[in-house]
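Worksheet: one structure, shown below.
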Amino acid sequence: MTDATHTLDAGKAEAAAGTAALTGGTATGEVTLGLAHFKEANEQVRKALASADAVVVRDANAQRYLGCALPAGKSLDILGTPGNDLGCYLDGGAIVVHGNGQDQVGNTMNDGAIVVHGRIGDAAGYAMRGGTILVRGDCGWRAGIHMKEYAGKRPAIVIGGDAGAFLGEYMAGGVIVVGGTPGDYVGTGMHGGVIYLRHPLSAESIMDGLIQELVGDEDIPQLAALLAAYDEAFASEGPPLGGDPGSWYCLRAASARPYGGLYAH
Amino acid sequence: MDATTNCVLPRYRVVRDEAACTGCAQCVRSCANGVHRLRKDPDRIVINSRACVNCQRCVVFCPELALTIRPWPQVGTGSSTWTAEAMADIAKQAQTGAVLLSSMGTPAPYPIYWDHLLLNASQVTNPSIDPLREPMETRVFLGSRPEILKINERERRVVEPLPPQLKLDVPIMFSAMSFGSISLNAQKALALAATELGTFFNVGEGGMHCDLEPFADHAFAQVASGRFGVDAHYLNTAAAIEIKIGQGAKPGIGGHLPGEKINSEVSRTRMIPEGSDAISPAPHHDIYSIEDLRQLIFSIKEATGYRKPVAVKIAAVHNAAAIASGMARTGADIIVVDGFRGGTGAAPKRIRDAVGIPVELALAAIDQRLRDEGIRSMVSLVASGSIRNSADVVRAIALGADACSIGSAALIAMGCHQCRDCSSGRCNWGIATQRAALTARLRPEEAAERVVNLVRAWTAEIQEMMGGMGINAVDSLRGNRLMLRGVGLNEKELDILGVKYAGE
C-alpha cells in the first residue's frame, strides 16, 4: 500500500497553503460575491482567473461550485462560506477556505489541494482520485466515500476533528486521516486504501471485512507527511494534530475483492 | 452428495452431424468455453455440452453446417411450478450460496406492448407519401427548448442563445455500454457507426478510452455513481453528458465489474488499479433528492461551460412519471427511460426478471405527465430497452419519445446471439470480453458496417411507415398517438398508453 511508486499528495497541500493569494504572490485578482447567484458568481471567478493565477473571493455566501475544475497553477482564497460542491472536478488547482465549507467539498476531484480553516459538511471527497483535502475541524457524513487511487495518484483527506458516520464507505484507495472520533459504520464496503485513526474503534464497531491495527513502519512516512501538512496549514490555529504517528491506528480491508464470492453464473 | 456436488443439468446439447463433419476443427478454434476438443488417436472431436452457452459461434462458422444446438433433452417434471429452470436455479444456489448473475434484459414472458400497438396508414383522404419521391425528414434535435423563442424579425435571427442541442440525422442512438463490460473494438464499432450515421453512441460509465476521442463529437459521456474516468477533460471531450441513475436491466442496484476484467487498458480508462473490483454503489452518494440531482446536473454544466446538454437516465419503474416530472424541473435537458426487457449489462437474475416495468407504459405515462404539467418542451425524451425493429421505433416516437436508443439490437448486428453469458468474459463474438484472442475476432470497421446497414435499413422502413401515415417528419410523429391503435389490451392499458382500441 505504501510502495514508492505512489507519491502522496501531501506536498501539494503545503504548496497550496504557501502559494495562496492572501499570503502574497503576483497578479492577484479579487471578486466579491455577496448574494450573486452561483452562475453569475462562477462567471466572475472564471473571469478573474483568466487574468490572474491567484484570486481572492470575498463575501462568499453559499455559492455552489466555486473552483469547479480549477486547473493546476490557479488558486482561490475564499472568505465567507462557499456552497456545496466546492472544487468539484478539481484539476490541480489550489483552494483555501478561511471559514467553513458545506457539502461535497472536492467532489470527484482529480488533483490539487483544498484547505478548509473550519469544518465541512457531508460527502467530502466523493470519488476523488487525486489531490489532498485538509480540514481543520469536523466533517459530516460519508467523507471519502468511494475514494480511489490510480497510476501514481493517491488522494488524501485529513480531518482534524470528528467525522460523521459512513466515513470511507466503498473506499477503493487513498488515505483518510481522522484526528477526532469517527461516527458509526466506518469503511463499510471498503476494498482498498487506508484510514488512519488517532483513537481506535471499539472492537464491536469494526465492520465485517475490515482489520484495525496499530500503524506499521510502512505506514509512518505517509501518515507523518499528512500530519505535517496539516500542522503547517493550521499552525497558528491550535495545537498540532501530530503527536507520535506510531501511536495511531490504521483500518484496512481484509480483501481487495470483498464481493468476490457473491455471484454465481 | 455434498454441498459442492453439481446437480444442475446442462442447458444445451451440442449435436454434430458426423456424416457432414470433415474434422476441420473450426469449431474447436471458435469456442472459448471448451465445448469442442480435439482428441488424438484416433483423431476426433469430442463435445462437452455442459460448457455450451448457446452463443452459436461454432454453428455459424462450421463450413459444413454440421453443428446444431438443441435444448437438453431431459424431460421436465410436468410441473408448471417446478420447471427445469426453477429447479436449476435452486440447485445452483444450494451449491454456491451465491446471488445468481445473468445478462441482458429479462427474457421472462411479460407482455410486450409494442406487439399490441398497430400503426395507421392513410387511405383515400390525406394521401400517403412516397418516401422514394418526396422528402422525408428523419432529423431530430435533443435538448431543452425555451418556453418562448425571441426572434429579431428584421435580422432573421434568434435573439437569445438556445440551450445546447444535439442534432441526430436519424432518431436512433446507441445505448450506454462501458469499456470493461464490452470490448474496445465493440465500442469502436459503435463510434464509427454513430459518426457515419450522424447520431450518438454512449461510452457508458467506464470512462472514455483515448482511441475513442476522435469520435467524441458523437459520444455521450456517462457519469454514474462510481465516477469512473470522470474528470474535466472527459466531460468536455464528449458531445453530451448522461447521468446514470438507473438502467433497465437492474433498476435500483449498482454495478460490479469483477477484478479479473480490469486489465491495464480498462484500468487506464476507468482510472482505477488493475485487478481491483470496480464497484458502482447503488445510489449516487451526492444525490439523495431531486434537489441533489439538480446540484449534480449544474456541477456538470459549470464544468462544461453550459455548452453541452445533460441527460439523466432512469430505469422504468413504478413512479417513473412523477420522477420524470422532477427531473425535467431539475435542469436536465434530456430524460432517458430504460425498460426492463432491455439492457446489456450483467445483472442479478432476480432483479433483472422482477424489477421495473415495461418501457412502453413508462414512456406513455411520462410523456402524458410532462404534457399535463406544461413542461414537455423543457426536455427531450429518449426511450430504450427492447427496441427490436423500426416499427418499435415508430411506436415509441408516437407514444412520445424524441428518439430511441438501441443496445442489444446493435450488438446483435455485430454478431451477439443473446446467450446471456456476458458476465463470464468468454464472449466468442469478441463483444463482451477483454481477452485479446477473442476481441480480435471483432474488427471495428466490419462490425460498424453491419450496424450502419441495420440503422439505414430501419430508417428506410421508418420513412415508409411515416409516408404511409401521410407524415413527412419525425417531429410530426412525436406523441402522435392517433397513429396508434391497441389490440388485445384492457381499458387500463389503453388508458395508460393513451391510445384507442382498434376499430375506434
Side-chain angles (χ1 to χ4, degrees), chain A residues 6 38-39 41-43 46 64-71 83-85 88-92 103-104 107-111 122-123 126-130 141-142 145-151 153 166 169-173 188-193 255-265, chain B residues 53 89 92-93 95-103 223 225-236 254 256 258-260 267-268 270-281 284-288 292 295-296 298-306 346 348-349 420-424:
Chain A
H6 285 88
F38 73 74
K39 207 171 158 183
N42 282 291
E43 265 170 34
R46 272 195 291 270
R64 294 173 175 181
Y65 318 119
L66 292 174
C68 170
L70 192 71
N84 294 352
D85 269 332
C88 52
Y89 318 109
L90 191 71
D91 216 8
D103 292 343
Q104 289 139 230
N107 192 349
T108 319
M109 78 186 252
N110 193 45
D111 205 352
D122 294 342
Y126 175 20
M128 71 188 284
R129 75 175 71 81
W141 287 17
R142 307 192 303 277
I145 185 167
H146 217 303
M147 275 172 90
K148 38 180 85 80
E149 60 192 46
Y150 161 73
K153 278 186 182 169
F166 301 105
E169 193 178 18
Y170 293 108
M171 191 169 168
T188 320
M190 185 174 174
H191 53 291
S255 160
R257 305 282 314 276
Y259 304 117
L262 184 60
Y263 296 110
H265 301 288
Chain B
V53 298
D89 284 351
K92 222 178 284 177
Q93 293 192 299
Q95 185 190 347
T96 61
V99 172
L100 295 174
L101 202 61
S102 191
S103 303
V223 174
S225 62
R227 305 287 155 88
F228 299 116
V230 177
D231 62 12
H233 175 75
Y234 172 74
L235 298 175
N236 280 290
H256 178 211
E260 50 263 29
S267 145
R268 181 141 53 100
R270 293 199 173 221
M271 303 184 190
I272 52 168
E274 262 186 83
S276 91
D277 283 4
I279 296 170
S280 291
H284 289 247
H285 280 279
D286 50 1
I287 302 179
Y288 283 24
D292 288 349
Q295 185 165 293
L296 181 61
F298 277 88
S299 92
I300 290 168
K301 291 191 176 207
E302 282 288 332
T304 55
Y306 296 84
K349 185 174 179 179
R420 299 190 290 273
D421 194 45
C422 314
S423 52
S424 75

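Just so it is clear, the model here is predicted, and its values are computed rather than measured. Below, chains carry the letters A, B, ... as their sequence lines are ordered, and counting in each starts from 1.
- Comparing B:T96, B:V223, B:D286 by heavy-atom pairs within less than 4.5 Å of chain A, the highest count is held by B:D286.
- Neither the backbone nor the side chain of A:D122 comes within contact range of chain B, judged by heavy atoms closer than 4.5 Å.
- Contact tally against chain A (heavy-atom pairs below 4.5 Å) for B:P348, B:P281, B:A303: the top residue is B:P281.
- Closest approach of B:S299 and A:C88 over heavy atoms only: CB-SG, 4.1 Å.
- Of the listed residues B:S103, B:G305, B:S225, B:A98, the one with more heavy-atom pairs under 4.5 angstrom with chain A than any other is B:A98.
- Between A:F166 and B:H285, the gap from one ring centroid to the other reaches at least 6.0 Å.
- Atom CG in B:D292 sits 8.0 Å away from atom CG in A:N84 (nearest 0.5 Å).
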Please assess B:Q295 against A:Q104 for the test side-chain contact (heavy atoms from CB on, under 4.5 Å), listing each intermediate value before the final yes or no. CA-CA 10 Å; B:Q295 185 165 293; A:Q104 289 139 230; 2.6 Å; yes
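- In this structure, OG1 on A:T108 lies 7.5 Å from CG on B:L296, to the nearest 0.5 angstrom.
- Scanning both residues, A:Y65 and B:E302, for their nearest heavy atoms gives CD1-CG, 3.6 Å.
- For the options B:A278, B:P273, B:G275, heavy-atom pairs under 4.5 Å to chain A are most numerous at B:P273.
- Looking only at heavy-atom pairs under 4.5 Å with chain B, the residue among A:P71, A:A69, A:C68 that has the most is A:C68.
- In this view, B:D231 and A:N110, A:R129, B:H233, B:Y234, B:M271 satisfy the side-chain contact (heavy atoms from CB on, under 4.5 Å) rule, not counting sequence neighbours.
- Taking B:K301 as the reference, B:D333 meet the salt bridge (charged side-chain N to carboxylate O under 4.0 Å, His left out) condition, with sequence neighbours excluded.
- Under a cutoff of 6.0 Å and an axis angle of 45°, A:R46 and B:Y306 do not form a cation-pi pair.
- Between A:H146 and B:F228, the ring-plane angle classifies as perpendicular under the 30° and 60° cut-offs.
- In this structure the side chain of B:H284 reaches within 4.5 angstrom of the side chain of A:Y126, judged on heavy atoms.
- For B:L235, the part sitting under 4.5 Å from any heavy atom of chain A is the side chain, from C-beta outward, and nothing else.
- Residue A:E43 does not touch chain B at all, counting heavy-atom pairs closer than 4.5 Å.
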